[in-house]
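The chains referred to below are lettered A, B, ... by the order of the sequence lines, with proteins before strands, and numbering in each begins at 1. Everything quoted here is computed from the prediction, not taken from an experiment.
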Number of protein chains: 2
Amino acid sequence: MRPDSLTTTFAALADPTRRAILARLASGEASVTELAQPFAISMPAISRHLKVLEHAGLIDRGREAQWRPCRLQAQPLKEAAGWMEHYRRLWDQRLDRLDAFLKEMDKAERRSRARKRK
Amino acid sequence: MRPDSLTTTFAALADPTRRAILARLASGEASVTELAQPFAISMPAISRHLKVLEHAGLIDRGREAQWRPCRLQAQPLKEAAGWMEHYRRLWDQRLDRLDAFLKEMDKAERRSRARKRK
DNA sequence: GCTATATTTAACAACGTTGTTATTTAACAA
DNA sequence: TTGTTAAATAACAACGTTGTTAAATATAGC
């Protein structure tokens with residue numbers, strides 16, 4: 001029972017180093033060394049982060065001489081964003097209905113007070 | 001150095017049980033027992049999933065007699081969705097530019113062939 | 001106070017993640 | 001071949017996660 005793709009995507013995004021790598025890749029492809037440069041961790045650690053991202057389908061890698069350039073792959077981001085949008089929207093609708101309900105209550109309340117004043 | 005909020009949110013979403021709990025909560029508040037019902041795991045396990053979601057700010061919980069009703073909290077979903085949309089959009093722009101570039105190439109190519117035919 | 005119900009906490013095992021350093025592989029260049 | 005650079009793998013430690021069962025806590029109702 002290996003984890004489904006949403007799980008793999010969210011798990012990959014749940015690390016600041018990996019998100020920073022993706023942010024960097026959003027502005028163009030880069031080699032492993034280039035990606036490692038901003039971080040205070042060893043190359044093997046970066047190499048593993050890249051493997052996690054690749055496994056999640058968030059990046060793919062080419063091969064040019066001794067470099068393995070990484071590129072962003074947007075599809076899993078789309079799926080995950082879709083999931084979140086879906087539930088966020090459902091929830092906003094609930095809030096809207098609650099809001100409408102409270103407004104209704106309020107109106108009824110004012111009407112009731114108006115009657116009493118007569 | 002505790003993890004930032006995006007990290008906490010994504011980590012909380014990186015579990016199918018927790019996503020199913022949120023999905024259930026999107027249709028209204030529920031008690032721990034109600035939330036546990038669809039799953040083949042023990043109550044303490046559910047209790048911990050809820051603690052993870054609460055810690056991530058994705059739910060909050062009331063107190064009614066011996067029940068602790070859970071409600072969805074949309075704010076962290078918004079932040080995380082925002083992050084993903086941002087990078088997804090950047091990447092789509094890159095793809096669009098690549099697309100435009102390839103179309104340009106193609107046009108130039110056709111023009112070149114047209115010249116040769118004369 | 002006693003009992004039933006809802007939920008949490010404690011203690012533990014199994015497993016996964018993230019980092020390290022040392023070693024290995026691959027490709028270029030002399 | 002030999003050396004250099006880029007990157008991956010191996011072996012390991014530290015720590016976090018997810019599940020378990022057993023025990024504790026809190027509240028309602030008699």
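Going from atom CG of A:Leu50 over to atom C1' of D:dA8 covers 11 Å, rounded to whole Å. If you take CD of A:Glu34 and C1' of D:dT5, they are 14 Å apart, rounded to a whole angstrom. If you take CG of A:Leu35 and P of D:dA7, they are 9 Å apart, rounded to a whole angstrom. At whole-Å resolution of the value, CE in A:Met43 and P in C:dA22 are 17 Å apart. C:dT18 atom C1' lies 14 Å from atom CG of A:Leu53, rounded to whole Å. Between B:Ile41 atom CD1 and D:dT18 atom C1' the separation is 9 Å, expressed in whole Å.
In this model, the phosphate group of C:dA6 is not approached by any side-chain N or O of B:Thr33 to a distance below 4.0 Å at OP1 or OP2. Residue A:Ser42 places at least one side-chain N or O under 4.0 Å from the OP1 or OP2 atom of C:dT20. A:Lys51 has no side-chain polar atom (N or O) that falls below the 4.0 Å cut-off from OP1 or OP2 of D:dA7. For the OP1/OP2 pair of D:dG19 and a distance below 4.0 Å, the side-chain nitrogens and oxygens of B:His49 include at least one atom meeting the criterion. The phosphate of D:dA8 (OP1 or OP2) has a side-chain N or O of A:Arg61 nearer than 4.0 angstrom.
In secondary-structure terms, DNA chain C builds stems of at least 3 consecutive Watson-Crick or G-U pairs, each pair having both distances under 3.5 Å, at C:1-30 with D:1-30.
For the pair B:Glu85 and A:Ala81, the tightest heavy-atom approach, listed with the atom from each and the gap, is OE2-CB, 3.8 Å. Shown here for A:Ala12 and A:Leu58, the closest heavy-atom pair between the two residues is CB-CD1, 3.8 Å.
Side-chain contact between A:Ile46 and A:Thr33 is absent, with no heavy-atom pair separated by less than 4.5 Å. Counting heavy atoms from C-beta outward, A:Val32 and A:Trp67 have side chains that stay 4.5 Å or more apart. Annotation: side chain of B:Leu6 is not in contact with side chain of A:Leu13 (no heavy-atom distance under 4.5 Å). Side-chain atoms of A:Leu35 and A:His49, non-hydrogen and from C-beta on, never get closer than 4.5 Å to each other. No side-chain heavy atom of A:Tyr87 sits under 4.5 Å from any side-chain heavy atom of B:Leu72.
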(request) Treat primed atoms plus P, OP1 and OP2 as sugar-phosphate and everything else as base, then score nucleotides 25-30 of chain D 5' to 3': B for base contact with protein heavy atoms under 4.0 Å, S for sugar-phosphate contact only, - for none. (result) -SBS--
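A distance of 10.0 Å separates OG1 of A:Thr9 from CZ of B:Phe10, quoted to the nearest 0.5 Å.
Sequence neighbours left out, the pairs with a member in residues 8-21 of chain A that pass salt bridge (charged side-chain N to carboxylate O under 4.0 Å, His left out) are A:Arg19-B:Asp4. Pairs engaging residues 56-68 of chain B under the salt bridge (charged side-chain N to carboxylate O under 4.0 Å, His left out) rule: B:Glu54-B:Arg61, B:Asp60-B:Arg71 [sequence neighbours left out].
Of the residues in residues 5-21 of chain A, not one places a heavy atom less than 4.0 Å from an atom of DNA chain D.
Side chain of B:Gln37 to backbone of B:Glu34: no donor-acceptor contact under 3.5 angstrom is found.
Residues meeting the side-chain hydrogen bond (donor to acceptor under 3.5 Å, both in side chains) test with B:Ser42, sequence neighbours left out: none.
Set against C:dT20, D:dG19, D:dA8, the side chain of B:Arg48 has D:dG19 as its closest nucleotide.
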